[in-house]
Amino acid sequence: MQFKRRTHTCGELRETNIGETVTLNGWVNTRRDLGGLIFIDIRDRYGITQIVFEPTFNAEAHRLAKELRNEYVISVEGIVRKRPADTDNAELPTGHIDIMANKLIILNEAKTPPFPIEDEIDTHEETRLKYRYLDLRRSKLQKNLLLRHKMYMLARKYFDANDFVEVETPVLMKSTPEGARDFLVPSRLHKGKFYALPQSPQQYKQLLMISGLDKYFQIVKCFRDEDLRADRQPEFTQIDVEMSFVNQEDVFETVEGLMRLMFKEIWNKELQLPLPRLSFDEAMEKYGSDKPDLRFNLEMVTLNNVFVNTNFKVFKDQIESNGIITGLLAPGCGEYTRNQLDVLTDFVKKLGAGGLIWMRVKEDGLDAPIAKFLSDEEKLNIISKLSAKTGDLIFILSGAKLKALNIMGALRLEMARRLELIKKDAQPQLLWVTDFPLFEWDDETKRYFAMHHPFTSPRIEDVQYMESEPGKVHARAYDLVLNGSEIAGGSIRIHSAELQAKMFKALGISDEEAESKFGFLMKAFQYGAPPHGGIAFGFDRMAMIFAGESSIRDVIAFPKTASAVSLMDDCPSEVSEAQLTELYIRVRK
RNA sequence: GGGGUCGUAGUUCAGCUGGUUAGAACGCCUGCCUGUCACGCAGGAGGUCGAGGGUUCGAGUCCCUUCGGCCCCGCCA
């Protein structure tokens, strides 16, 4: 098909172009057929320009324009003209001009799209995902992809300027049993053997440090075969970073520099450095989360001290069994009805709490179902500890420490929603959470797991407890948290064979097991491993927050549904018997 | 694996206690219309009520099973 190369994009023409003969190519955004006069808005990713078809100007073009429908692909040649007085459209950057068409070519017709190509649509996501290529025509999603592109460029420029080297690591790698479920890739050349897709290039980047690359980064796809969430996809992108001869402060400095750049270039905001830090313990006690949202206050308060000598059995038991009693003040909620309180009780019960204790703060004291079990002194202390005022509502949860704090953290977020504490224009809150526990107790298997990964270095001063009290050992691990989302996480790694052996021992991994699972890495460590550490950003999540979206899918071109399916191309799908045979695979029924 | 929620026209939804031919808006089609930009006016077409089964004289509506979207818990070193 013959058509002229465009002279301008659809967002480009201004009054300075008046009188020029131009050619635009694009999609029909809307048509307004007035009979004798036809207006067509032509759209490409740069913008929208109004075309006018007038029979006295060009009868042939006008005749053909009658056939135009939404989403037809067209090429238009015409003359840029100032719009007649009072017909300007201030909404459009191109709204002071229009194009008198003297030549129209229909490059392609289009079926009526299943949903309108415009920003504010309320079409179900299912339909949008099925026709993702149409969804991506909408300027909102295009804007998100452009923002994502800008973030790639900023990251690459930043790391390059700081002497980092981008190195590609394998996508087909060895399956490692720790961590998330691997996606497996069967080998045709090796019967019964499998590659795994990387959960992250963790081992490779450590090997690159041993190789002396010194400063490495990579924008890289990672894969985890776990259940999805609004902010989790089975394949996702990391900015992976590793550095040699560094401590935690060096990593922080590097990351903070990048974040300052992103804040400036994406949001035009000055980021105050250094970033605030919270220890894991502090974050859990105050906010009930290892990724606290600091855009609002509502701090939780640990009340164990108030109840050291209590007669209330529930609290007494918790204190004796090393549990926690945590309180949350809901300002001005003292008038919550029984029904509202039941809903909130139900909310925490669904998260695994035994129940929810509530107290209305009245002029003359606390009005609560458990009031009769508490001494006057305890009541006064609750009020003062939480700085409660008349008309407030107090929540108290007790239980095993991390579990109770987690549930209260969820309630904190729920109350913030109900009280609308997160304003739309709230300043973004970025912080470090540090000093994570090195180990995490797993009740099911009755053993400790590495909270981060088994190569994470303990704090030097805690090494002495690794055998006696593993639960007490803190890691040199850290997370970067933005508005209540973890956007990056990393650690200083173990680089000594001796300490690594201690770590495996604490994890209950035998020498043989360590050898078969991580032997290649252990071996490499014997050839002069420098002290090193790093971090990895959840790029999609970061893009989501910078774009102001609430789902990661809105910053990914072709995302999968919550059940890990691509509705557009219908994958995963079955494969032919021949393919399976070649891979020595039989599907179990 | 568990909890919540949704599924009716191309789209977004309404549809009461089970009862005549399942409605509205937008979109779509046809005609009219020379300054629209949410164009206007007139007319029209369009339905596997997610699927399967059951109860009933009768099911969009009640029951059971099942599929799918979204959110959350578990899971995500």
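Computed from a predicted model, the values in this text were never measured in an experiment. Below, chain A is the first sequence line, B the second, and so on; all start at residue 1.
A straight line from CG of A:Asn58 to C1' of B:rU34 spans 16 Å, rounded to a whole angstrom. For the pair A:Ile117 CD1 and B:rG27 P, the interatomic distance rounds to 15 Å; values are reported in whole Å. For the pair A:Glu71 CD and B:rG27 C1', the interatomic distance rounds to 13 Å; values are reported in whole Å. In this structure, A:Phe115 places its CZ atom 18 Å from C1' of B:rC13, rounding to the nearest Å. As rounded to whole Å, 11 Å separates atom C1' of B:rC76 from atom NZ of A:Lys291. Whole-Å rounding puts the A:Asp122 CG to B:rG10 P distance at 17 Å. Spacing between atom CD of A:Gln238 and atom P of B:rC76 amounts to 16 Å, rounded to whole angstrom units.
In terms of polar N and O atoms assigned as donor or acceptor, the side chain of A:Arg232 comes within less than 3.5 Å of the base of B:rC75 in a complementary pairing. Interface remark: the A:Asp227 side chain does form a donor-acceptor pair with the B:rG74 base, using a distance-only criterion of under 3.5 Å.
Within 4.0 Å (heavy atoms only), A:Pro113 reaches no atom of the nucleic acid at all. Within 4.0 Å of A:Phe449, counting heavy atoms only, lies no atom of the nucleic acid at all. Using a 4.0 Å heavy-atom cutoff across all strands shown, A:Asp98 reaches at least one base atom of the nucleic acid. As judged by a 4.0 angstrom heavy-atom cut-off over every strand, A:Gln202 is placed among the base-contacting residues. Using a 4.0 Å heavy-atom distance criterion, A:Pro84 is classed as a base contact. Counting any heavy atom pair closer than 4.0 Å across all strands shown, A:Asp182 reaches no nucleic acid atom.
Of the residues near RNA chain B, A:Gly36 and A:Thr112, the one whose nearest nucleotide (by heavy atom distance) lies more toward the 5' end is A:Thr112. Residues A:Arg69 and A:Pro114 both approach RNA chain B. Their nearest nucleotides, taken by heavy-atom distance, put A:Pro114 toward the 5′ side.
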Tabulated below should be each protein N or O lying under 3.5 Å from an N or O of nucleotides 38-40 of chain B; please produce it.
residue	atom	partner	partner atom	Å
B:rC39	N4	A:Asp33	O	2.5

Output a table of nitrogen or oxygen pairs between the protein and nucleotides 68-72 of chain B separated by less than 3.5 Å.
residue	atom	partner	partner atom	Å
B:rG68	O2'	A:Glu126	OE2	2.8
B:rG69	OP1	A:Thr561	OG1	2.8
B:rG69	OP1	A:Ser563	OG	2.9
B:rG69	OP2	A:Ser563	OG	3.1
B:rG69	O4'	A:Glu126	OE1	3.2
B:rC70	OP1	A:Ala562	N	3.3
B:rC70	OP2	A:Ala562	N	2.8
B:rC70	O3'	A:Arg553	NH2	3.0
B:rC71	OP1	A:Arg553	NH1	3.3
B:rC71	OP1	A:Arg553	NH2	2.9
B:rC71	OP2	A:Arg553	NH1	3.4
B:rC72	OP2	A:Ala230	N	3.3

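For the pair A:Arg412 and A:Phe296, the distance from NZ or CZ to the six-membered ring centre is under 6.0 Å and the angle to the ring normal is within 45 degrees. For the pair A:Arg137 and A:Tyr133, the cation does not sit on the ring face, since its NZ or CZ is not both under 6.0 Å from the ring centre and inside 45° of the axis.
Using C1' as the reference atom, B:rU30 and B:rU66 are 43 Å apart when rounded to the nearest Å. Separating the C1' atom of B:rA38 from that of B:rG2 is a span of 46 Å, rounded to the nearest Å. Straight-line distance between the P atoms of B:rG52 and B:rA14: roughly 24 Å, to the nearest whole Å. A gap of 27 Å separates the C1' atoms of B:rA25 and B:rG19, to the nearest Å. Distance noted for atom C1' between B:rU8 and B:rG44: 22 Å (whole Å). Using atom C1' as the reference point in both B:rU55 and B:rU12, the two lie 33 Å apart (nearest Å). B:rG10 and B:rA22 have their P atoms separated by 16 Å, given to the nearest Å. Straight-line distance between the C1' atoms of B:rG54 and B:rA59: roughly 11 Å, to the nearest whole Å.
Pairing for B:rG7 is with B:rC67, a Watson-Crick or G-U wobble pair whose two hydrogen-bonding atom distances lie under 3.5 Å. Applying the Watson-Crick and G-U wobble criteria (two distances, each under 3.5 Å), B:rC28 pairs with B:rG44. Across every strand in view, B:rA38 sits unpaired, with no contact that passes the Watson-Crick or G-U test at under 3.5 angstrom.
Of all heavy-atom pairs spanning A:Phe57 and A:Ala101, the tightest one is CD2-O, 3.4 Å. Across all their heavy atoms, A:Ile210 and A:Ala529 have their closest contact at CG1-CB, 3.8 Å.
With hydrogens and angles ignored, the 3.5 Å screen pairs a side-chain donor or acceptor of A:Thr49 with a backbone N or O of A:Cys10. With hydrogens and angles disregarded, a donor-acceptor distance shorter than 3.5 Å links the side chain of A:Gln199 to the backbone of A:Ala180. Within the 3.5 Å criterion, the main-chain N or O of A:Leu184 finds no donor-acceptor partner in the side chain of A:Asp182.
Using cut-offs of 30° and 60° for the angle between ring planes, the A:His532 and A:Phe525 rings count as tilted. Ring geometry, A:Phe223 versus A:Phe183: the interplanar angle exceeds 60°, so the pair is classed perpendicular (tilted spans 30 to 60°).
Between the side chains of A:Glu54 and A:Thr56, at least one donor N or O sits under 3.5 Å from an acceptor N or O.
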